[in-house]
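First comes the structure, then the notes that go with it.
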Amino acid sequence: MINKIKKYYNAWRYKRAVRKAKELAGLFGMKYYVISLNGSLKVVPKQTIKELIRRKRFRKGVTVQDIERAAFFVTS
């Protein structure tokens with residue numbers, strides 16, 4: 001029962017993040033990613049991903065393409 005509730009809750013969080021990413025991409029015309037940061041889903045623009053890589057937020061050697069491959073959802 002608890003696992004079912006967790007599954008529905010995570011599905012709801014994912015749908016909400018995807019909806020937000022699509023909305024922001026349409027509004028600003030930028031590419032947005034839905035990624036997992038610190039255990040929660042975040043909607044992040046590609047520009048911010050590049051900045052986080054430059055500031056060493058991710059481990060050495062990680063590129064934007066690696067993050068794009070690992071992202072749950074990418075707007076086009």
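Note that the coordinates shown come from a computational prediction; the quantities given were computed from them, not determined experimentally.
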Indicate yes or no: at least one non-hydrogen side-chain atom of [X] is less than 4.5 angstrom from one of [Y].
X	Y	value
Gln47	Lys50	no
Tyr32	Val44	no
Leu52	Ile67	no
Lys20	Val34	no
Val64	Tyr33	yes
Leu41	Phe73	no
Met30	Leu24	no

Determine the minimum heavy-atom distance between [X] and [Y], stating which atoms define it.
X	Y	value
Val62	Ile53	O-CG2, 3.8 Å
Val43	Ala17	CG2-O, 3.4 Å
Lys42	Leu37	CG-CB, 3.8 Å

Would you say Phe72 and Val74 are hydrophobically clustered, going by side-chain heavy atoms of ILVMFWY under 4.5 Å?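 No, because Phe72 and Val74 fall into different hydrophobic clusters, even though each may have its own neighbours under 4.5 Å.
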Separation between CD1 of Ile5 and CE of Met1, rounded to the nearest 0.5 Å: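 Answer for the CD1-CE pair, Ile5 versus Met1, is 4.5 Å.
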Any chance you could measure Arg57, atom CZ, to Ile49, atom CD1, to the nearest 0.5 Å?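 Atom-to-atom, Arg57:CZ and Ile49:CD1 are 9.5 Å apart.
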When you measure from the side chain of Asn10 to the backbone of Lys7, do you find a donor-acceptor pair of N or O atoms at a distance under 3.5 Å?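 Absent.
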Do NZ/NE/NH1/NH2 and the carboxylate oxygens of Glu51 and Arg55 come within less than 4.0 Å?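 Result for this pair is yes, salt bridge flagged.
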